[in-house]
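These numbers come from a predicted model, not from an experiment. We name chains A, B, ... by the order of the sequence lines, and we start the count at 1 in each one.
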There are 2 protein chains.
Amino acid sequence: MESNNLEASLADQHDILRSRLNREGLRLTGPRKKILDLFVMTPDGEHLSAEDIHYQVTTKGGKISYSTIYRALHMMVDLGIMREVELAEERKYYELKTSLAKQHHHLVCVQCGEVHEFEDHRVTKASRQETLEHGFLLRDCQFTVYGICQTCQLSAL
Amino acid sequence: MESNNLEASLADQHDILRSRLNREGLRLTGPRKKILDLFVMTPDGEHLSAEDIHYQVTTKGGKISYSTIYRALHMMVDLGIMREVELAEERKYYELKTSLAKQHHHLVCVQCGEVHEFEDHRVTKASRQETLEHGFLLRDCQFTVYGICQTCQLSAL
DNA sequence: CAACTGTTGAAAGCTATTTCTAATAAGCAA
DNA sequence: TTGCTTATTAGAAATAGCTTTCAACAGTTG
């Protein structure tokens, strides 16, 4: 029953993405389904890098190339389905865009990489105000706070 | 007279950086002076990438290697003299940290790359509050708003 | 000014991402 | 269903930004 619900919801997501893609002359393929599934099943507050995706697919016995992963990610970012976030220096992370209204931001530990998500109305307001004042059309904004978490502070002693 | 003042202020900057470096067993060298000078002479709201620095030095007839540029930039970031900012996808940009109190943020046009700097007390507050709530030690925060500037909006018609 | 040790440039290396291409497979129409 | 059209795939090679290595060099200090 559990798994039926899950499967149903994944199938729904597939249909949504398929029609979105087809409208643009694009196609929903096996690899794209797998990638979408991973994001749908990823808990809030976690993000996936291209490497994460490759690892998750291959350890499940699947097979996927990095070029496919990157192409799918870019495509979904272009369609406005995903967001690229800069959490660590070395690589890019991706997350599904849920609601445009619910912007969230990140608090990152620069030592261990732990990430907290948070919402802050003031930040959202500031981005609206700033784009308005300069006549910009708001596309996205990223607010990332870098610090050292308690655990790392203690272990540094 | 103009140039005397400029030279004087550059020499002052050199002395400040020299003593700061020597305190840590580091040295103020020719290439480091050149790099610092570029940042001092760069107007507010502009940022330099490693490539920019290389270009500026070499077109003035100078010579500098990328390894030296990157080493100098990292050193100054570690010393807290500079800040690394993520303005574009492909490369990192650097700016001098002026006053720690005066945090500023960036509004970037995703089409033409135009950058505006702005301050916003609410954002600063939000970063303090968030780190406090999670027991983090605040290191830095970056708030970057992405949009499309008026010029690009008009030229898209 | 000599010794000590940090710094430099050039080249090699690294790694995330992108490009290229022949083979494959969605989506569409009959 | 079947076949056609064309987007998409895997895999390899290429790219790009950045880092490391190391022998020669040059600030600093006494």
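Judged by distance alone, the side chains of B:His121 and B:Gln103 never bring a donor and an acceptor atom under 3.5 Å apart. Checking B:His104 against B:Glu95 by side-chain atom types alone, a donor-acceptor pair falls below 3.5 Å. A side-chain N or O of A:Arg122 and one of B:Gln129 form a donor-acceptor pair less than 3.5 Å apart. Side chains of B:Ser19 and B:Asn22: a donor-acceptor N/O pair is absent below 3.5 angstrom, by distance only.
Following rounding to the nearest Å, A:Leu17 (CG) and C:dG27 (P) show an atom-to-atom distance of 10 Å. Atom pair A:His14:NE2 and C:dA26:P shows a separation of 13 Å (rounding to whole Å applied). The CD-C1' distance, from A:Glu24 to C:dG27, rounds to 15 Å in whole Å. Atom CD1 of A:Ile69 and atom P of C:dT18 are 12 Å apart (whole Å). For the pair A:Lys33 NZ and D:dT9 P, the interatomic distance rounds to 12 Å; values are reported in whole Å. Between the CE atom of A:Met75 and the C1' atom of D:dT9 there is a distance of 13 Å, given to the nearest Å. Across the protein-nucleic acid pair, A:Leu73 atom CG and D:dT9 atom P stand 11 Å apart, rounded to whole Å.
In this structure, A:His106 has its ring center no closer than 6.0 Å to that of A:Phe118.
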> Could you run down nucleotides 11-24 of chain D 5' to 3' and tag each one B, S or - for protein heavy-atom contact under 4.0 Å?
Replying inline: B-----SSBB----

>> Strictly under 4.0 angstrom, non-hydrogen atoms only: write out the protein contact profile of nucleotides 25-30 of chain D, one letter per nucleotide from the 5' end, B, S or -.
In response: -BBS--

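Using a 4.5 Å heavy-atom cutoff, the side chains of A:Val108 and A:Glu114 are not in contact.
Counting heavy atoms of neighbouring residues, nucleotides and ligands inside a 6.0 Å radius, atom CZ of B:Arg139 does not exceed 12 of them.
For C:dG6, neither phosphate oxygen OP1 nor OP2 lies less than 4.0 angstrom from any side-chain nitrogen or oxygen of B:Arg32.
Criterion: ILVMFWY side-chain heavy atoms under 4.5 Å apart, direct or through other members. Under it, B:Leu107 and A:Leu137 are not part of a common hydrophobic cluster.
Between B:Phe143 and A:Phe143, the ring planes are perpendicular. Angles over 60° get that label, and only those under 30° would be called parallel.
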